[in-house]
Amino acid sequence: MEDLYHHINGKRVSGGSDRFGTVFNPATGETQARVPLASKDEVEAAISGAAEAQPAWAATNPQRRARVMMEFVRLLNRDMDRLSEALSREHGKTLPDARGDVQRGLEVVEFCIGAPHLMKGEFTDSAGPGIDIYSMRQPLGVCGGITPFNFPAMIPMWMFAPAIVCGNAFVLKPSERDPSVPLMLADLLVEAGLPNGILQVVNGDREAVDALLHNGMVQSIGFVGSTPVASYVYATGCANGKRVQCFGGAKNHMIVMPDADMDQAADALVGAGYGAAGERCMAVSVAVPVGDGTADRLIERLVPRIETLKIGPYTAGEDMDFGPVVTAEAKQRILSLVDSGIAQGAELVVDGRDFSLQGYENGFFVGAHLFDHVTTDMDIYRQEIFGPVLSTVRARSYEEALGFAMNNEYGNGTAIFTRDGDTARDFTNRVNVGMVGVNVPIPVPLAYHTFGGWKKSAFGDLNQHGPDSIRFYTRTKTVTSRWPSGLKEGGEFHFKAMD
Ligand code: NAD
């Protein structure tokens, strides 16, 4: 069995804590590696290395920093197959989906190549007699990031690419479930010319997270994961005086109006509900058809599509629709939520509980499930299931459907399927959710826009990637400057307004 490592100061470093996590192959259920769980001392050593390296990197001109990102993009494309295979092996998602995971991170790296332009400040010439005012964006220093298992390539890149290109050093604590790809990314950045110490990868669990949160050298924390941990990280990081952005869980509703193209809506729901086995924060987990007629027409189209989904290991070919979930515990939790749905009175229209795959009986596969007549007091509605389970909540009117999305505690993504522009416009204006799709089921914005939810899906006030990421990873300094031919008037005693 392979022992994984940390990536510190450009080198692979074995774990010294004697604590390890297990990395599974979710398709077979086999253990394929041990990941070291860093001690507080190991995290502190990584932070110190980053702090030592950062000033010289910040002093490197932004164009040169951007060139490292340019080369990194080339290497990501070169190694796309190798990265995707490693990602599928630890996460379980299909190969095309794993490629998408790398690609969506790569696109943020491409955006970051524009940093010399994006970091440009503001300048006011002659704000007063002989006085200029200018603002510049300067790096924070050492930044920290804690990432989830479900996008082990994309989310680390969303964080460290903007942080690094802005002149910071970054200490990444990836998910202990699938840590290999983040380690491979760190190797590629060394190959791309990144100085040692600017990206540190420390593997670990809560002990490593706490070490980052309590270290005075760490200026900012980015977190993506479940809401309870997001809220803990946000509160602790803020209490320790850090700049913090935390992105949490989700319960994404897709409203289907009576005038929607029902085949298009059904296709969209199947892809968005079951893709990646539902382990996406932007997965649609709640379908909200408006009116019983709409619900019946939708369910009628959903059932055959769901029953013929291809579920299998990533090695079975590119046409698999989804793979296993990440661990045996995740599988158990999903199945017990399905049982609770039945016990609480929802109608299980497609039952995937007996799903099993010959030759992969020990894998963490979960069949596809569809519930109808779900109500908002049920556990399957109230909890994020993070599995291949779609719940249908029937609404009597558009206003009731909108209310379901608005009253839900999460606000990551939502969508409406309709042919009516006025309804779509009203929905996009009023809904209190961060990312909205109109006839688009998973409205994940591209790299040059920003990504972030509302309500309990995000804590902090700036989004991920796009222009917000440059703001998050820099602080503004504003200079008021006068180059006098001579200060002849003597001291000034009033707080002056410019005239
Ligand atoms: P998780 O919260 O279990 O873990 C996320 C990270 O936090 C990991 O690195 C983990 O090691 C660490 N962690 C776990 N428990 C901790 C604790 N008690 N104290 C400190 N650190 C801890 O999440 P996950 O299961 O890896 O990921 C799935 C969750 O992430 C889902 O809720 C999903 O919706 C969410 N997610 C959100 C977004 C978004 O942008 N909003 C994106 C992807 C995933």
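Excluded from the calculations below are hydrogen atoms, water molecules and symmetry mates; all remaining heavy atoms, backbone and side chain alike, are included. In listed order, ligands and their atoms are each counted from 1.
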I'd like to know whether ligand 1 has [X] as a neighbour, heavy-atom separation below 4.0 Å.
| X | result |
| --- | --- |
| Glu279 | no |
| Phe151 | no |
| Gly248 | yes |
| Ile155 | yes |

Does the side chain of [X] pick up a donor-acceptor pair with the side chain of [Y] at under 3.5 Å?
| X | Y | result |
| --- | --- | --- |
| Glu85 | Tyr314 | yes |
| Asp41 | Ser39 | no |
| Gln54 | Asn168 | no |

Are Asn203 and Pro174 packed together at the side-chain level, in the sense that at least one heavy-atom pair is separated by less than 4.5 angstrom?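 When only atoms from C-beta onward are counted, Pro174 and Asn203 do touch, with a gap below 4.5 Å.
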Measure the shortest side-chain to side-chain distance between Cys112 and Phe72 over non-hydrogen atoms and say whether it is less than 4.5 angstrom.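 Cys112 does not reach Phe72 side chain to side chain.
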Look only at the side chain of Glu42 and the backbone of Gly16, and say whether a donor-acceptor pair between them is shorter than 3.5 Å.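 Yes, the answer is positive, given that a donor and an acceptor are paired below the 3.5 Å cut-off.
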Identify, for [atom], the protein heavy atom at the shortest distance, and state residue, atom and that distance.
| atom | result |
| --- | --- |
| atom 21 (N) of ligand 1 | Val209 CG2, 3.4 Å |
| atom 19 (N) of ligand 1 | Arg206 CG, 3.4 Å |
| atom 12 (C) of ligand 1 | Ile146 CG2, 4.1 Å |
| atom 28 (C) of ligand 1 | Phe386 CE2, 3.6 Å |
| atom 40 (O) of ligand 1 | Phe451 CE2, 3.1 Å |
| atom 39 (C) of ligand 1 | Cys281 SG, 3.5 Å |
| atom 23 (O) of ligand 1 | Ser226 N, 3.5 Å |
| atom 27 (O) of ligand 1 | Pro148 CB, 3.3 Å |

Does NZ or CZ of Lys11 come closer than 6.0 Å to the centre of the six-membered ring of Tyr5, within 45° of the ring's axis?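 Output no; distance or angle outside limits.
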Could Arg206 and Tyr232 be counted as a cation-pi pair, given that NZ or CZ must be under 6.0 Å from the ring centre and within 45° of the axis?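 Output yes; distance and angle both within limits.
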What part of [X], side chain from CB on, backbone N/CA/C/O, both or neither, has a heavy atom under 4.0 Å from ligand 1?
| X | value |
| --- | --- |
| Glu384 | side chain |
| Asn150 | side chain |
| Gln464 | side chain |
| Asn412 | side chain |

Heavy-atom protein neighbour under 4.0 angstrom from atom 36 (N) of ligand 1: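 It does: a protein heavy atom is found less than 4.0 Å away from atom 36 (N) of ligand 1.
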State whether the shortest distance between N or O atoms of Gly249 and N or O atoms of ligand 1 falls below 3.5 angstrom.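 Among all N and O atoms of Gly249, none is under 3.5 Å from an N or O of ligand 1.
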Can you spot which of Gln344, Gln383, His373 makes a side chain to side chain contact (heavy atoms under 4.5 Å, CB included) with Met378?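 By the side chain to side chain contact (heavy atoms under 4.5 Å, CB included) criterion, Met378 pairs with just one of Gln344, Gln383, His373: Gln344.
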Exceeds 12 heavy-atom contacts within 6.0 angstrom, atom NZ of Lys455: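 Correct, the count exceeds 12.
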So for atom NZ, which belongs to Lys456, do other residues, nucleotides or ligands contribute more than 12 heavy atoms lying within a distance under 6.0 Å?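 For Lys456, atom NZ is not crowded (no more than 12 foreign heavy atoms under 6.0 Å).
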Pick, from [options], the option with the minimum heavy-atom distance to [atom].
| atom | options | value |
| --- | --- | --- |
| atom 26 (O) of ligand 1 | Phe223, Tyr410, Tyr232, Phe149 | Phe149 |
| atom 6 (C) of ligand 1 | Thr147, Val229, Leu37 | Thr147 |
| atom 29 (C) of ligand 1 | Ala208, Gly225, Gly413 | Gly225 |

I'd like to check which ligand 1 atoms, numbered from 1 as shown, lie under 4.0 Å from a non-hydrogen atom of [X].
| X | result |
| --- | --- |
| Phe247 | 39 (C), 40 (O), 41 (N) |
| Val224 | 5 (C), 36 (N), 37 (C), 38 (C), 39 (C), 40 (O), 42 (C), 43 (C), 44 (C) |
| Glu176 | 10 (C), 11 (O) |

Take Glu318 and Arg99 through the salt bridge (charged side-chain N to carboxylate O under 4.0 Å, His left out) test and state the conclusion after the steps. CA-CA 11 Å; Glu318 302 255 321; Arg99 257 179 246 127; 2.8 Å; yes
Taking the six-membered ring for Trp, is the centroid-to-centroid distance between His253 and Tyr381 below 6.0 Å?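 Yes, the ring of His253 comes within the 6.0 Å limit of the ring of Tyr381, centre to centre.
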Hey, do the aromatic rings of Phe24 and Phe364 have their centres closer than 6.0 Å?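 They qualify: ring centres under 6.0 Å apart.
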